[in-house]
Protein chains: 2
Amino acid sequence: MVDVGRRRWTPSVVRVDQVDHGSYVPVYQQLVAIMKKRIESGEFPPGRLIPSEKTLQQEYGVGRDTVRRVVEILREEGLIFTVPHRGSYVAER
Amino acid sequence: MVDVGRRRWTPSVVRVDQVDHGSYVPVYQQLVAIMKKRIESGEFPPGRLIPSEKTLQQEYGVGRDTVRRVVEILREEGLIFTVPHRGSYVAER
DNA sequence: CCCTATTTGTTCGTATGTATT
DNA sequence: AAATACATACGAACAAATAGG
């Protein structure tokens, strides 16, 4: 449970396994957090392909712009590496 | 473009045109002037693609809003023409 | 060799939010 | 109020590389 901020009503705390379009926190930042969790949880071990951009778009109901930004950030932080036209793999350790 | 001298092997010129965010002149107007100069100098001859919006954003450290306005002005003045999903080309003169 | 599907790369189109001057 | 400017976010179109049959 993480406080992602909200606009009008309560919880003030929500699950972060889905994106909240009404949050003050940008969608791409929420998705970065989600993907980090999925990677660190071991769901995607080192060497494993993460879902394609298209899959991620559908899974989270976000645009490609957003997904590509998320992937770019994960890559910059060294969590994954991308092979053009093949996909993005989880980096070692 | 300014002669910075002190170099045997040419370019002999270096781009010093950068946007001044502290100026009273709006950033978009500064960038319009810069791009006009780049086009008229022959850096981008007729038929040549000018840098993409994203590239321009990065090169000059400005927002997309600003870049799009610049491109729109150059287009209205007939210096370039834009092909959707391809880019903007320098017009024949 | 060819055809097709998948996937990332790149670009412009459009709209909204936020802040500052 | 209006202009300026950056950030976020969704679409759409097409290219190019890859893999498989």
Find the distance A:Leu49:CG to D:dA19:P and express it as a whole number of Å. 11 Å
Is it true that B:Glu43 and B:Lys37 make a salt bridge, defined as a side-chain N closer than 4.0 Å to a carboxylate O? no
Under 4.0 Å: is that the gap between some side-chain N or O of A:His21 and OP1 or OP2 of D:dT8? no
Take atom CD of B:Gln30 and atom P of D:dA5, then tell me their distance rounded to the nearest Å. 8 Å
Watson-Crick/G-U partner (both atom distances under 3.5 Å) of C:dG17: D:dC6
Between CD1 of A:Ile73 and C1' of D:dA7 the distance, given in whole Å, is 13 Å
Between A:Val67 and B:Tyr28, just flag the one whose closest nucleotide in DNA chain D comes earlier from the 5' side. B:Tyr28
Distance check, rounded to the nearest 0.5 Å: A:Arg48 atom CZ versus A:Ile80 atom CD1? 14.5 Å
Whole-Å distance between C:dT18 P and A:Tyr24 OH? 7 Å
Between A:Arg86 and A:Tyr89, is any side-chain donor less than 3.5 angstrom from a side-chain acceptor? yes
Would you say a side-chain N or O of B:Thr66 is under 4.0 Å from OP1 or OP2 of D:dC6? yes
Using a heavy-atom cut-off of under 4.0 Å over every strand shown, decide if B:Val71 touches base, sugar-phosphate, or nothing. nothing
From CD of B:Gln57 across to C1' of D:dA5 the rounded distance in Å is 12 Å
dist B:Leu79:CG -> B:Ser88:OG (nearest 0.5 Å) comes out at 11.5 Å
Tell me: CD of A:Gln29 to C1' of C:dG17, nearest whole Å? 15 Å
Before you tell me yes or no, could you show the steps for A:Phe44 and A:Met35 under side-chain contact (heavy atoms from CB on, under 4.5 Å), namely the whole-Å CA-CA distance, both residues' side-chain angles and the distance that decides it to 0.1 Å? CA-CA 10 Å; A:Phe44 304 122; A:Met35 290 307 292; 4.1 Å; yes
Rounded to the Å, how far apart are A:Leu56 CG and C:dT6 P? 17 Å
Spacing of B:Gln58 atom CD and B:Glu53 atom CD [to the nearest 0.5 Å]: 12.0 Å
In B/S/- notation (B base, S sugar-phosphate only, - none; protein heavy atoms under 4.0 Å), nucleotides 9-15 of chain C written 5' to 3' is BBBBBB-
Taking the basic N atoms (NZ, or NE/NH1/NH2) and the acidic carboxylate oxygens, is any pair closer than 4.0 Å for B:Arg38 and B:Glu59? yes
